[in-house]
Peer 1: 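Below are the structure tokens for one structure; questions will follow.
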Amino acid sequence: MDEKYFPEQIESKWQQHWNEAGTFEAKSDDAREKFYCLEMLPYPSGFLHMGHVRNYSIGDALSWFKRLQGFNVLHPIGWDSFGQPAEQAAIKRGVNPRDWTEDNIEHMRGQLKRLGISYDWSREIAAHRPDYYKWDQWFFLKMLEKGLAYKKNSQVNWCPKEETVLSNEQSSGGICWRCGTPVEKRDLEQWFLRITNYAEQLVDDIKQIEAGWPDKVLKRQSDWVGRSEGAYIDFAVKDSDKKIRVFTTRIDTIYGATAVVLSAEHPLLAQLLEGSALKQDIDAFAQKLRTQRAAGREVGEEEKEGLNTGVLAINPFSGESVPVWVANYVLMEYGTGAVMSVPAHDERDFEFAQKYSLPIRQVIAPIDHQHTDAEPSPTTGGDASAEIKHSFIDYGVLVNSGERGGKLSPVAIAEMSAYAKEHGFGEAAVTYRIRDWGVSRQRFWGAPVPVVYCDKDGMVPVPYDQLPVMLPQTADFTGTGESPLAGVPEFVNTSCPECRGPARRDTDTMDTFVDSSWYFFRYCDPRNEGMPFDSSIASKWTPVDQYIGGDSHAVMHLIYTRFWTKFMRDIGLVNFDEPVKRLLTQGMVTNRVEGTDEWKAMSKSLGNGVDPDEMIAAFGADATRLFVLFAAPAENELRWSESGIEGAVRFLRRVYTMVWKWQERLSNPTQTSAMEFSPEARTLRRKTHQTIAKVTSDFAGLHLNTSVAALMELFNQIVDFNADPAKASEEDVFAMREALESLVIMLAPFAPHVAEELWENLGHAGGLVSASPRWPVADPELARREELEIPIQVNGKLRSRVIVAPDVSEEDLRAAALADERVKAQIDGHEVMKVIVVPRRLVNIVIR
RNA sequence: GCCGGAGUGGCGAAAUUGGUAUACGCACCAGACUCAAAAUCUGGCGUCCGUCAAGGACAUGUCGGUUCGAGUCCGACCUCCGGCACCA
């Protein structure tokens with residue numbers, strides 16, 4: 001090859017080699033230990049962006065590392081190819097979503113290959129192809145069979161821009177996850193999956209993965225599930241046989257309840273108001289609240305508003321009658337849609353009570369009296385309420401609570417829940433914030449819901465042997481809220497599997513997050529025609545050892561796939577609870593927005609995007625990847641820098657030239673029996689082994705940036721070695737070969753093409769990937785053996801240094817320090833109080 | 001508002017987990033090569049005092065504490081960034 005580093009030549013040569021040799025194809029019958037490295041599969045938008053490059057570079061580095069260590073690595077890729085952008089393209093530009101998607105995949109596959117990511121392309125999958133979505137439908141039917149899929153009419157999140165329903169996860173924060181449009185509420189009949197059945201496991205099993213997942217993701221998962229312990233309590237409606245069930249976590253405050261408050265959507269409301277003079281007012285009020293919510297008004301920012309219904313409810317503990325109100329701050333979706341209002345001990349109730357002059361009665365006293373002074377707490381009785389500024393929400397001692405006075409909150413909670421159960425007006429209960437997953441989408445580009453509706457037999461699941469329910473070639477892409485499939489008569493009109501009579505298909509498609517909930521199991525057995533995957537094959541690869549992707553999916557995809565895995569476990573497809581052992585959430589790639597000092601995520605609209613193809617053309621795939629991995633820790637934001645990438649090329653070029661200079665001498669090794677290394681050669685060998693140790697351990701925590709820094713340090717040492725290949729001794733050649741070969745192997749995860757080339761230049765045929773381990777192993781003796789320069793401090797101030805052997809004992813080190821002339825001068829005339837010896841670190845002498 | 005995370009050179013960042021703070025890279029400065037520039041190579045690069053030097057003082061958001069010793073541990077505060085946001 002060339003004396004100079006020409007990335008494009010080297011890269012195309014090795015990409016072709018890998019392709020032809022099938023270097024990265026994984027075999028499941030391999031006896032070696034497996035390693036499943038997975039990156040979140042891309043949506044085929046048409047173009048790779050730097051976020052993809054970063055994601056795949058991280059995964060590829062780890063895959064190479066494991067491969068070179070002798071693992072049987074599965075590193076697959078596929079396409080999350082159902083979803084909105086394809087349909088938007090169809091609406092706006094009249095292209096067929098299928099053609100658009102296939103073209104994009106074609107182009108992006110080329111980009112990924114030019115990046116040289118070591119994928120097993122033989123396992124490539126795409127969600128929009130019938131051989132894949134057939135299994136989405138299969139899973140749907142399984143869920144239907146197990147009672148986990150159901151249809152109901154409810155208020156759902158609606159994205160007015162994309163004209164479709166969104167799940168709660170996809171509309172977190174009140175905006176559409178894809179386009180950022182504020183969501184509205186709509187009443188629709190929808191398919192739901194009972195993720196709530198798994199709520200408890202989704203929280204409990206966090207302990208199985210907490211060692212391998214970032215804390216912030218686990219926290220968000222746990223917050224999203226929102227487990228909360230409390231009790232249901234029934235308040236009987238006065239002069240009626242009706243009961244209002246409330247949920248509370250603070251049953252110990254129930255003697256302070258001064259109202260019961262219902263959500264505007266509460267089903268009991270209409271019945272309670274039957275014949276009431278206030279019915280019209282209340283109806284209008286409830287209607288107003290519903291309208292506000294439908295408009296996507298931010299809950300929580302509004303002032304509390306309510307109306308007294310005139311109905312009274314009876315506190316089952318105190319027997320007291322309290323008014324029933326309707327208010328905007330009570331959510332139908334959580335708990336029972338009704339609360340007991342305890343203004344003295346709940347901030348929201350307090351705010352509400354102040355506005356409507358409801359009595360505020362203290363029933364919990366702080367235990368700590370100093371705390372009482374610092375924080376004004378509610379005083380007893382209604383008359384003092386004007387002075388109360390805050391509710392007291394902590395646990396404390398019960399007061400004004402009948403015979404329960406004097407008990408501590410936690411004790412009272414347990415006793416009172418038991419009491420309620422005993423007397424049949426309540427029980428301890430756990431509620432969850434998470435809602436069932438709405439999966440119907442009023443869109444074309446997704447997997448059709450495999451059910452039909454027959455006038456005679458009602459809703460009938462499509463039999464398994466009739467799957468897949470094929471998506472038609474095309475439809476009328478109007479972009480309105482109507483499902484496009486409804487306008488395709490050949491699709492809609494079918495026959496009932498039960499009675500053969502005429503029937504209509506469900507015209508909604510499934511959420512694309514269904515596709516991505518189980519895709520990495522399909523990679524294990526991607527061409528299976530009888531099952532989503534063969535359990536015995538999948539069990540050889542799964543669970544995923546390392547998953548890498550953005551934290552934008554911390555709630556959505558990651559909670560769905562955990563749910564899906566638990567379901568697959570329950571139907572016997574997998575035999576574990578958690579699909580992913582370790583998760584890395586990479587940071588964003590940002591660039592300066594032109595004309596400002598702001599660094600923002602690269603985007604077309606801001607004009608600060610960087611095209612990976614241009615970078616590859618200008619600097620090579622290796623340098624692009626090396627820079628991306630070196631510039632910042634993987635979890636951090638990565639600020640794009642063109643001069644940074646130039647630095648990466650510079651480094652690769654220097655390594656390339658160095659190998660070129662030495663390759664002739666190094667590729668013809670001669671053996672010498674007894675080596676006598678020069679001090680310079682010893683220094684180089686020490687650095688080589690220290691670097692091996694450092695890089696190997698850095699990989700365990702995916703500290704790729706410091707690995708690269710270590711490789712640069714090793715290279716700098718090689719430069720400092722400054723030997724002439726023509727005149728070098730056998731020892732020097734040995735040290736140099738050891739250093740350069742180690743460097744080249746360790747460079748492979750970061751810059752695989754040039755590493756392969758240099759490995760070849762060093763006289764090795766057949767490429768770096770082999771069935772046996774190739775990653776260098778550090779000699780612990782060599783990595784450690786060095787003379788140590790130990791600082792000597794007197795009273796914490798650096799006074800001298802002493803050079804000692806690496807295995808010097810603590811006593812000898814102490815003696816050497818005290819014998820040092822400059823130290824002697826310092827301690828002369830003072831009493832030595834203490835000598836602190838930190839082996840291999842320092843000596844500190846404390847004098848008076 | 002609540003819950004997390006983070007503050008280290010001009011910049012991205014290191015620091016073996018309490019032991020020589022600023023590794024590695026970028027930018028910058030100087031020198032070599034060149035008619036010149038680029039590229040490349042060599043050296044320098046926290047701040048201040050010191051003629052170069054030797055050396056010294058101060059530096060990890062602020063203020064205190066523990067310790068022979070603190071970027072790291074503890075307390076209070078400030079700032080920034082994320083997440084959730086009436087969840088009863």
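Note on naming: letters A, B, ... go to the chains in the order of the sequence lines (proteins, then strands), and numbering restarts at 1 for each one.
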Peer 1: Can you measure A/Leu626 atom CG to B/C24 atom P for me and round it to whole angstrom units?
Peer 2: 16 Å
Peer 1: Separation of A/Asn636 atom CG from B/C80 atom P, in whole Å?
Peer 2: 20 Å
Peer 1: Please tell me which of the listed nucleotides, B/C68, B/A88, B/G25, lies nearest to the side chain of A/Val846?
Peer 2: B/C68
Peer 1: Could you work out the separation of B/G64 and B/A70 based on their C1' atoms and round it to a whole Å?
Peer 2: 14 Å
Peer 1: Under the criterion side-chain hydrogen bond (donor to acceptor under 3.5 Å, both in side chains), I'd like the reasoning laid out for A/Asp346 against A/Ser391: C-alpha separation, chi angles, the key distance, then a yes or no.
Peer 2: CA-CA 6 Å; A/Asp346 181 281; A/Ser391 53; over 6 Å; no
Peer 1: Distance check, P atoms only: B/U20 and B/C86, in whole angstrom units.
Peer 2: 49 Å
Peer 1: With a 4.0 Å cutoff (strictly under), does any side-chain N or O of A/Lys216 reach OP1 or OP2 of B/G4?
Peer 2: no
Peer 1: Tell me whether the guanidinium CZ or amine NZ of A/Lys304 lies under 6.0 angstrom from the six-membered ring centre of A/Tyr329 and within 45° of its axis.
Peer 2: yes
Peer 1: Without decimals, in angstroms, what is the distance between A/Ile645 CD1 and B/C24 P?
Peer 2: 22 Å
Peer 1: Please state the C1' separation for the pair B/A13 and B/C26 - nearest whole angstrom.
Peer 2: 11 Å
Peer 1: Write down the distance separating the P atoms in B/C52 and B/G46, rounded off to the nearest Å.
Peer 2: 15 Å
Peer 1: Report the relative orientation of the aromatic rings in A/Phe317 and A/Phe425; use parallel for angles under 30°, tilted for 30 to 60°, perpendicular for over 60°.
Peer 2: perpendicular
Peer 1: So A/Gly647, base contact, sugar-phosphate only, or nothing? Heavy-atom distance under 4.0 Å.
Peer 2: sugar-phosphate
Peer 1: Starting at CG of A/Leu558 and ending at C1' of B/G83, how long is that distance when rounded to a whole Å?
Peer 2: 15 Å
Peer 1: Could you state the CG-P distance from A/Asp223 to B/A85, rounded to the nearest angstrom?
Peer 2: 10 Å
Peer 1: Parallel, tilted or perpendicular: which fits the ring planes of A/Trp437 and A/Tyr560, with parallel below 30° and perpendicular above 60°?
Peer 2: parallel
Peer 1: Return the 5'-most residue of the pair A/Phe247, A/Pro791 with respect to RNA chain B, ranking by each residue's nearest nucleotide.
Peer 2: A/Pro791
Peer 1: Could you state the atom-to-atom distance from CZ of A/Phe619 to C1' of B/C26 in whole Å?
Peer 2: 13 Å
Peer 1: According to the interplanar angle, ranging from 0 to 90°, do the rings of A/Trp660 and A/Tyr656 count as parallel (below 30°), tilted (30 to 60°) or perpendicular (above 60°)?
Peer 2: parallel
Peer 1: Which part of the nucleic acid, if any, lies within reach of A/Arg653 when heavy atoms closer than 4.0 Å are counted: base, sugar-phosphate only, or nothing?
Peer 2: sugar-phosphate
Peer 1: Let me know the distance between CG of A/Asn716 and C1' of B/U42, rounded to the nearest Å.
Peer 2: 13 Å
Peer 1: Looking at every strand, decide which applies to A/Asp215 at a 4.0 Å heavy-atom threshold: base, sugar-phosphate, or nothing.
Peer 2: nothing
Peer 1: Taking the side chain of A/Arg650 as heavy atoms from C-beta outward, which of B/A27, B/C86, B/C68 is closest to it?
Peer 2: B/A27
Peer 1: Counting only side-chain N and O atoms of A/Ser172, is one of them less than 4.0 Å from OP1 or OP2 of B/C84?
Peer 2: yes
Peer 1: Heavy atoms only, 4.0 Å cut-off, all strands: where does A/Arg654 land among base, sugar-phosphate and nothing?
Peer 2: sugar-phosphate
Peer 1: Ion pair present between A/Glu427 and A/Arg245, side-chain N to carboxylate O less than 4.0 angstrom?
Peer 2: yes
Peer 1: Using only side-chain N and O atoms of A/Arg639, determine if any of them is under 4.0 Å from OP1 or OP2 of B/C26.
Peer 2: no
Peer 1: So which one's nearest nucleotide on RNA chain B is more toward 5', A/Gly644 or A/Met340?
Peer 2: A/Gly644
Peer 1: Is the distance from OP1 or OP2 of B/A88 to the nearest side-chain N or O of A/Ser228 less than 4.0 Å?
Peer 2: yes
Peer 1: So if I take every side-chain heavy atom of A/Phe630 and compare against B/C24, B/C68, B/G4, which nucleotide ends up nearest?
Peer 2: B/C24
Peer 1: Could you tell me whether the phosphate oxygens of B/A14, OP1 or OP2, come under 4.0 Å of any side-chain nitrogen or oxygen in A/Asn705?
Peer 2: yes
Peer 1: Select base, sugar-phosphate, or nothing to describe what A/Val719 touches, counting heavy atoms under 4.0 Å on all strands.
Peer 2: sugar-phosphate
Peer 1: Can you tell me how far P of B/C24 sits from CD of A/Glu713, to the nearest Å?
Peer 2: 5 Å
Peer 1: Looking at A/Lys288 and A/Glu305, is any side-chain nitrogen of the basic one under 4.0 Å from a carboxylate oxygen of the acidic one?
Peer 2: yes
Peer 1: Go through B/C24, B/A88, B/C84 for me and flag the one nearest to the A/Arg433 side chain.
Peer 2: B/C84
Peer 1: State whether A/Arg220 places a side-chain N or O below 4.0 Å from either non-bridging phosphate oxygen (OP1 or OP2) of B/C3.
Peer 2: no
Peer 1: Taking the P atom in each of B/A53 and B/G71, what is the distance between them to the nearest angstrom?
Peer 2: 27 Å
